[in-house]
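Only a predicted model underlies this, so the values are computations on that prediction, with no experimental measurement involved. Each chain gets a letter, A, B and so on, in the order the sequences are listed, and its residues count up from 1. No hydrogens, no waters, no symmetry mates; every other heavy atom, side chains included, goes into these values.
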Amino acid sequence: MKIYSQVLYLSLFLSILPFSWSTQQDRLFYDAVRAEASGDLDSAIQLYSESAKISNSSNLHGNLANLHFKKEQFGRSILHFEKALLLDPGNSELSANLNFAYEMANTSPHNDNFANTYFSSKFLSFWVAIAALIFWAGLITSAYYLLFSTNKKSLFYLLPLWICLIALSAYASKLSLSEHNKLNRTVIVFETSSEHNKSKNVPLRRFAGETNTANTNVTSGENLLIDFDNNGNPKLHKVSDGEVWYLARSRDGRKKGWIKENEFGWILDPE
Amino acid sequence: MIPTPAIQFNQGSFLRFLLLIFCSVSTAPNHLLGQTQKLRVESSFQPATITIAQNTIYKIVIHGSQENAQGAMPNVSGLSISNSPQTFRSASFINGVPSVRLEMSFQVRPTSMGEHTIPAWSIRVGSNTLQVPPATVNILAPNQKDKIRQDADAKNKNDLKQASFIEFKNPRPYLYEGETVSTQIDLYIWDRLPVSRIERVPQKEGAAFSTTELGQPKEKRNQTKFNKTYTIFSWPVGLTAAIAGSQNIQFSTSIRVRVKSRGNSPFNSPFFNDPFFGFGREVSITVQSALQTLEIRKLPMNERPDSFHGAIGNFTVCTIPDTDRVSLGDPVRLSLEIEGKGNFAAMPAPKLESNINFKIGPPAFSFEGDEVTKHTGKQSFEYILTPMNSGLIEIPSIPFSYFDPILEKYFSVNTSPHSLRVDPGEKWVDPTPQIQKNEQSKNHLSTKDLFQTENEPGTWINNISNESLLNSKLFWSAQSFPLFFLFGLIFYGWKRKQSGRDAFRQKQSLLKKQMREAISYKDSGLFFRATRERLRLEIGTFYKYPNPLSLSSNELISLLVKGGNEQQLVADIRDILDTSDNYEFAASEEDPKSLDEISKKMNKLLKKFK
């Protein structure tokens with residue numbers, strides 16, 4: 001009987017556990033809203049950040065981005081707007097805010113041209129679906145013509161068209177997939193809080209280590225790509241004081257160097 | 001000497017040559033009459049003695065022919081011979097002998113006194129060349145009768161000039177380049193001249209001048225001049241000299257008058273025959289003024305002020321602002337009035353440029369005064385001044401210079417400056433940047449509005465992942481639907497094909513069986529029916545004809561031909577088909593012994609076609 005009661009309590013605990021987490025992140029969220037309303041922006045940021053460690057929501061990252069924006073931390077603001085948009089891609093208000101944050105940070109969003117817009121990561125599913133649709137439609141139509149139709153001449157026109165469409169949609173999918181894969185490597189540069197560096201520029205060092213000279217500088221809010229090795233793991237270097245340095249480069253590949261882990265934020269948390 | 005086109009001495013000779021040809025051709029049939037008569041040419045002046053005021057006739061008579069006459073008459077100084085001779089042909093019988101002749105009469109007008117001889121010259125009549133003998137005319141001095149007639153003609157001509165004329169009075173002995181003077185053009189029309197209308201206003205002839213537009217004329221009646229009574233039409237006009245130098249000017253117009261007949265033209269005798277010219281047709285007469293030569297001088301360069309921009313005349317200048325107090329940004333109208341006599345039509349606006357106190361636009365023009373000549377009156381230039389600064393600011397004076405053509409000097413005047421109190425109001429700003437600023441402020445506000453904090457957390461998601469359809473199991477699972485559909489389709493198609501083949505084989509075996517039975521029972525009818533059906537079935541199916549059993553013999557043959565089969569094969573199958581048709585439709589008898597051979601032959605043939 002005692003064992004039965006213990007099993008019952010355990011099962012009850014396990015079933016309540018998710019709700020208790022939800023309650024905790026909700027509580028942190030509401031506390032952050034109240035702190036923000038009272039003008040305590042730092043506390044609000046802290047509370048939102050704690051909540052974000054538990055779970056994510058579009059509104060949470062949007063609010064967090066707003067707070068960073070108000071504190072003119074445009075890099076962090078951009079990062080959280082990007083996260084919020086991943087969770088709610090159709091939110092035009094978030095898009096407008098993100099563009100404004102980019103504008104204030106004097107950087108430009110990476111998808112500001114035609115190719116990056118229509119073959120971006122967001123369009124991957126679209127292009128894949130289109131490719132699949134064209135593939136199956138063409139295959140089934142060809143089978144029908146081969147097996148049932150007496151007029152097979154139409155196949156001479158349909159087949160080249162089908163092949164062209166397949167090739168185009170596959171190419172579009174490939175471009176989107178490339179952008180999609182880049183998103184896993186994309187980080188946003190933060191403002192430096194170092195006493196030695198009061199500018200908004202963040203140095204990319206020649207070698208991993210604080211004392212090394214800068215190879216080049218990047219501005220806060222700028223998108224960087226972290227280099228990955230052949231195993232799909234980021235190229236990093238852990239120095240003696242425990243700091244982890246990552247090898248990063250700008251999207252156009254012109255800037256390259258080592259950046260400290262607290263000088264940027266991942267849009268997608270590394271696995 | 002035979003005249004040829006190469007010896008055409010001058011234009012007159014050539015024309016006479018042509019006329020001779022014409023006259024001869026037009027009378028060609030008559031020349032036959034004089035074929036028997038001897039050819040002879042005479043020439044003479046009739047009369048042979050005249051005064052210089054009279055005309056005479058140079059006559060050539062060709063006896064014995066009316067045929068084509070060709071020749072080039074020589075030119076004689078002191079005589080003007082017409083190019084249009086009068087010809088006369090005659091034929092008669094003299095003492096029973098036919099006689100023909102051709103007379104050509106040329107009008108001759110003497111130009112100098114003395115004895116003038118036309119020398120001998122050659123003329124060609126048909127195939128004969130004849131020599132025209134020389135002829136002499138004696139030109140005497142004019143007699144009293146001639147002088148009386150000349151005086152009468154001159155008087156007529158003078159009277160015609162006095163019938164209608166234009167008078168244009170130059171107001172000054174000389175003009176300056178760019179100067180405008182006011183003058184008048186008078187058209188005099190004699191009251192006895194039956195003028196129906198004035199066709200157009202007088203036109204200027206002389207590129208060195210420009211005139212203002214001529215409007216409606218003023219009419220004055222019963223004006224006496226040259227002992228005649230006239231009606232005068234007057235047009236005031238502003239005349240501007242444009243090019244320096246000694247320049248000609250003339251005015252002309254045309255009037256329409258009634259004349260009685262062609263022979264009674266006003267030019268011949270308009271006054272003595274019929275003063276009213278009857279009620280005949282109308283003719284246009286050009287009336288001109290006397291050609292006048294005016295001296296146009298260049299403006300002196302000495303002491304020419306900088307502010308001189310071409311104003312010539314005598315002027316007074318003043319400026320009048322419409323107000324003496326405005327708010328900052330409100331416009332002020334400043335009127336510059338130039339009054340007097342001069343070239344208002346050619347006067348440019350005095351320059352008034354923007355400065356730190358005023359923004360000044362281009363002026364508006366208006367003129368009050370003699371609108372026809374634009375020589376006397378008041379020219380106003382209205383400037384719009386927009387004050388740029390507040391306080392007591394001064395409207396600047398406007399320098400103006402002109403040249404007085406009477407005193408032959410330049411004069412410079414400055415308008416009085418005016419004080420203007422500008423109250424500080426809303427500062428004028430350029431509207432374009434203002435719009436931009438407004439847009440910027442709107443953007444800023446709207447952006448602020450965008451940064452709103454959400455009070456609800458929304459949907460919680462544990463991990464932000466970069467999901468796509470490629471990672472979706474549902475997507476890949478969904479691909480099985482079209483895959484299965486495709487497989488099903490292929491299977492169904494295969495089954496359908498198979499079922500079609502089975503039916504074909506069943507029919508084929510049935511027909512083979514019928515053929516075998518027909519051979520064994522020696523049933524030719526059944527054999528050939530089955531043979532034809534089998535050919536239809538196998539050939540039609542082979543070429544995928546939708547309904548093989550409906551094919552005719554010709555269609556089967558055409559299918560084989562299209563399929564590129566050998567001619568022998570096609571011919572053999574055609575034979576079998578023909579035999580079958582003949583047997584069935586023509587009741588042909590076939591030896592039953594050969595049925596087996598036909599069957600074997602057909603089996604071989606059916607394996608060969610492609």
Side-chain angles (χ1 to χ4, degrees), chain A residues 21-22 25-26 28-30 32-33 36-37 44 51 54-63 65-67 69-70 83 86-88 93-94 96-97 100 103-104 121-122 124-129 132-133 135-137 139-140 143-144 146-148 150 173 176-177 180-181 183-184 267-269, chain B residues 440-501 540-541 543-548:
Chain A
W21 280 344
S22 177
Q25 63 223 25
D26 280 340
L28 287 168
F29 182 90
Y30 292 125
V33 170
E36 185 183 350
S51 178
I54 301 167
S55 188
N56 299 281
S57 82
S58 170
N59 288 350
L60 166 70
H61 285 289
N63 287 357
N66 287 348
L67 286 173
F69 186 89
K70 287 175 185 173
K83 285 176 182 271
L86 277 175
L87 294 166
D88 187 7
E93 197 172 313
L94 288 172
N97 286 352
F100 189 53
E103 190 183 322
M104 295 302 291
S121 174
K122 284 190 288 187
L124 175 61
S125 298
F126 170 76
W127 288 119
V128 167
L133 188 68
F135 175 77
W136 286 119
L139 209 58
I140 290 167
Y144 170 79
L146 281 170
L147 296 170
F148 299 99
T150 53
S173 303
S176 282
L177 183 62
H180 182 80
N181 291 336
L183 190 62
N184 292 327
I267 292 179
L268 298 175
D269 292 329
Chain B
Q440 282 173 4
S441 61
K442 277 179 188 173
N443 287 340
H444 189 64
L445 284 171
S446 62
T447 309
K448 271 185 178 176
D449 292 341
L450 285 173
F451 283 95
Q452 291 295 317
T453 299
E454 296 290 341
N455 293 323
E456 295 297 329
T459 309
W460 290 105
I461 295 166
N462 288 334
N463 290 313
I464 304 172
S465 57
N466 195 10
E467 293 292 335
S468 73
L469 271 185
L470 290 172
N471 305 328
S472 168
K473 287 177 184 172
L474 181 65
F475 171 73
W476 292 113
S477 305
Q479 302 310 306
S480 57
F481 291 109
L483 185 67
F484 286 134
F485 181 74
L486 180 69
F487 286 155
L489 198 69
I490 292 168
F491 180 73
Y492 176 67
W494 178 75
K495 283 292 288 177
R496 194 160 170 257
K497 287 248 174 191
Q498 287 301 111
S499 63
R501 280 180 194 167
T541 307
Y543 290 110
K544 297 175 182 174
Y545 195 78
N547 187 10

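Within the 4.5 angstrom heavy-atom criterion, only side-chain atoms of A:Leu177, from C-beta onward, approach chain B. Only the side chain of A:Leu124 has a heavy atom closer than 4.5 Å to any heavy atom of chain B. For B:Asn471, the part lying near chain A is the side chain, with the backbone staying farther off; criterion is any non-hydrogen pair under 4.5 Å. For chain B, the nearby parts of A:Tyr144 are the backbone and the side chain; heavy atoms of each come within less than 4.5 Å. Both the backbone and the side chain of A:Ile140 come within less than 4.5 Å of a heavy atom in chain B. With a 4.5 Å cut-off on non-hydrogen atoms, B:Tyr492 touches chain A through its backbone and its side chain both. For A:Val33, the part lying near chain B is the side chain, with the backbone staying farther off; criterion is any non-hydrogen pair under 4.5 Å.
Looking at heavy atoms from C-beta onward, A:Tyr30 lies in side-chain contact with B:Glu456 at the 4.5 angstrom threshold. Looking at B:Pro457 and A:Leu60, their side chains never come closer than 4.5 Å, going by heavy atoms from C-beta outward. Taking 4.5 Å as the limit, some side-chain heavy atom of A:Ser55 sits within range of a side-chain heavy atom of B:Asn462. Within the 4.5 Å cutoff, no side-chain heavy atoms of B:Trp494 are placed close to those of A:Leu147. Under the 4.5 Å side-chain criterion, counting only non-hydrogen atoms from C-beta, A:Ser58 is not in contact with B:Trp460.
Heavy-atom pairs under 4.5 Å with chain A were tallied for B:Pro482, B:Ala478, B:Ser472, B:Gly458; the largest tally goes to B:Pro482. The residue among B:Thr459, B:Asn463, B:Ile490, B:Leu469 with the most heavy atom pairs within less than 4.5 Å of chain A is B:Leu469.
A:His61 contributes atom NE2, which lies 14.0 Å from atom CD of B:Glu454 (distance to the nearest 0.5 angstrom).
For the side-chain contact (heavy atoms from CB on, under 4.5 Å) test with B:Ile464, the passing option among A:Ile267, A:Asp269, A:Leu87 is A:Leu87; the others fail.
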